[in-house]
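Counting begins at 1 with the first residue of the sequence.
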Amino acid sequence: MADFPLLARIPTLWLQITVVGVWLGIVLAIAGAVSRFANSDPEIVRKIVHIGTGNVILFAWLLNIPAWVGIGASVLAGATTLLSYRLPILPGINSIGRKSLGTFFYAVSIGVLVAWFWAVQKPYFAALGILIMTWGDGLAALIGQRYGKHVYTVGGVKKSWEGSLTMAVVSYIVSSAILIAVQGNTWLTWLVAFVVALVATGLEAFSWYGIDNLSVPIASAGLGFLLTQLL
């Protein structure tokens with residue numbers, strides 16, 4: 001086994017993939033159950049999938065899953081979502097009432113961030129970017145649609161101040177939690193988290209064709225990384 005390091009890694013790799021697979025199965029089962037038995041708004045089902053699948057980045061980071069696995073999964077997911085715009089493969093996920101490539105951009109952003117931050121051995125920045133999009137955008141959409149009373153428009157896309165505030169608060173919590181976990185509780189941690197949250201919230205407002213699913217995670221992760229290097 002010492003002469004064949006790849007073989008030595010196979011059991012661990014399969015365990016990692018199994019954990020991720022089980023998690024995704026649970027998420028899809030919950031989404032299916034909610035859709036079938038609760039007569040829920042389709043947007044709620046979409047956000048269950050959006051938030052649930054996004055948390056896979058935590059498994060990738062904490063279980064030290066190889067970069068090629070994450071990149072490969074991103075390519076496969078991106079190809080599937082592109083195909084689904086032509087064929088009814090993911091109708092419940094892509095049917096949002098407007099033209100959007102958000103699901104595709106979501107997959108691309110995961111692949112880009114895994115390739116970037118696994119290469120520099122700082123996978124937690126990839127987790128920061130994806131989880132801001134996962135939880136921040138996901139909850140902002142739900143809160144905005146249900147409780148948003150103060151509406152504003154950016155490029156023809158309606159947003160609410162309630163939704164944007166949710167995005168800002170959740171982004172700050174996510175950024176702070178991850179940075180404190182890996183860098184400690186310092187003034188720099190809180191400052192970087194604050195700046196990242198503001199930028200993420202601003203970018204989330206510009207959501208033409210779902211481009212925020214690409215711009216928010218990449219900019220959030222990149223900005224967090226840059227600020228911690230400079231300050």
*Taking all non-hydrogen atoms of both residues into account, name the closest pair between Q16 and N64 and its distance.*
NE2-O, 3.5 Å
_Ignoring hydrogens, what is the shortest heavy-atom contact between N185 and W190? Give both atom names and the distance._
OD1-NE1, 2.6 Å
*Applying the 4.5 Å side-chain criterion to the ILVMFWY set and letting contacts propagate, would L223 and L188 be lumped into a single cluster?*
yes
*asked:* Between T228 and Q183, is there a side-chain heavy-atom distance shorter than 4.5 Å?
replied: yes
*Taking the side chain as every heavy atom from C-beta outward, state whether F125 and L179 have any atom pair closer than 4.5 Å.*
yes
*Are F105 and I51 co-members of a hydrophobic cluster defined by side-chain heavy atoms under 4.5 Å apart?*
yes
*Decide yes or no on side-chain contact (heavy atoms from CB on, under 4.5 Å) for V199 and S220, but give the supporting numbers first.*
CA-CA 7 Å; V199 171; S220 298; 5.9 Å; no
*Could you walk me through whether I57 and V114 pass side-chain contact (heavy atoms from CB on, under 4.5 Å), step by step?*
CA-CA 9 Å; I57 194 67; V114 167; 4.0 Å; yes
*asked:* Whether the side chain of H50 engages the backbone of M133 through a donor-acceptor N/O pair (distance < 3.5 Å, no angle test) should be reported.
replied: yes
_Which heavy atom of A141 sits nearest to which heavy atom of K47, and what is that distance?_
CB-CE, 3.5 Å
*Are L76 and L101 grouped together when hydrophobic residues (ILVMFWY) are joined by side-chain heavy atoms under 4.5 angstrom apart?*
no
_Any donor-acceptor N/O pair, T189 side chain to G184 backbone, under 3.5 Å_ = yes
_Side-chain heavy-atom pair L113, P217 within 4.5 angstrom cut-off_ = yes
*All pairs passing side chain to side chain donor-acceptor pair (under 3.5 Å) where residues 104-125 contributes a residue, at least two apart*: Y106-T134
*Crowding at OH, Y147 (>12 non-hydrogen neighbours, <6.0 Å)*: no
*Distance-only, no hydrogens or angles: does the T18 side chain make a donor-acceptor pair with backbone N or O of W14 under 3.5 Å?*
yes
_Closer than 3.5 angstrom, by distance alone: can the side chain of S74 be matched with the main-chain N or O of A107 as a donor-acceptor pair?_
yes
*Over all atoms of both residues, closest heavy-atom pair of S160 and G144*: OG-CA, 3.4 Å
*asked:* Once rounded to the nearest 0.5 Å, what's the spacing between atom CG of N213 and atom OG1 of T103?
replied: 7.0 Å
*Are D137 and D212 close enough that some pair of their side-chain heavy atoms sits under 4.5 Å apart?*
yes
*Where S175 and V196 come nearest, the two heavy atoms and their spacing*: OG-CG1, 3.6 Å
*Mind checking whether F194 and W187 sit in one hydrophobic cluster, side chains of I, L, V, M, F, W, Y counted as touching below 4.5 Å?*
no
*Is the shortest heavy-atom distance from the side chain of L227 to the side chain of L191 under 4.5 Å?*
no
*Can you hop from I211 to V108 via hydrophobic side chains spaced under 4.5 Å?*
yes
*Measure from the ring center of W61 to the ring center of F59 and say whether it is less than 6.0 Å.*
no
*Report yes if the side chains of V151 and W161 come closer than 4.5 Å at any heavy-atom pair, otherwise no.*
no
*Would M167 and L139 satisfy side-chain contact (heavy atoms from CB on, under 4.5 Å), going step by step from the backbone distance to the final call?*
CA-CA 7 Å; M167 177 69 183; L139 293 178; over 6 Å; no
*About how many Å separate CD1 of I17 and CD1 of I65, when rounded to the nearest 0.5 Å?*
7.5 Å
*Rounded to the nearest 0.5 Å, what separation is found between the CD1 atom of I178 and the CG atom of L58?*
6.5 Å
*Return the minimal non-hydrogen interatomic distance between E162 and I143, and the atom names on each side.*
O-CG2, 4.2 Å
*W23 versus N55: any side-chain heavy-atom pair under 4.5 Å?*
yes
_Spatial distance of atom CD1 (I130) from atom CZ (F117) [nearest 0.5 Å]_ = 10.5 Å
*Can you find a pair of side-chain heavy atoms, one from E204 and one from K159, that are under 4.5 Å apart?*
yes
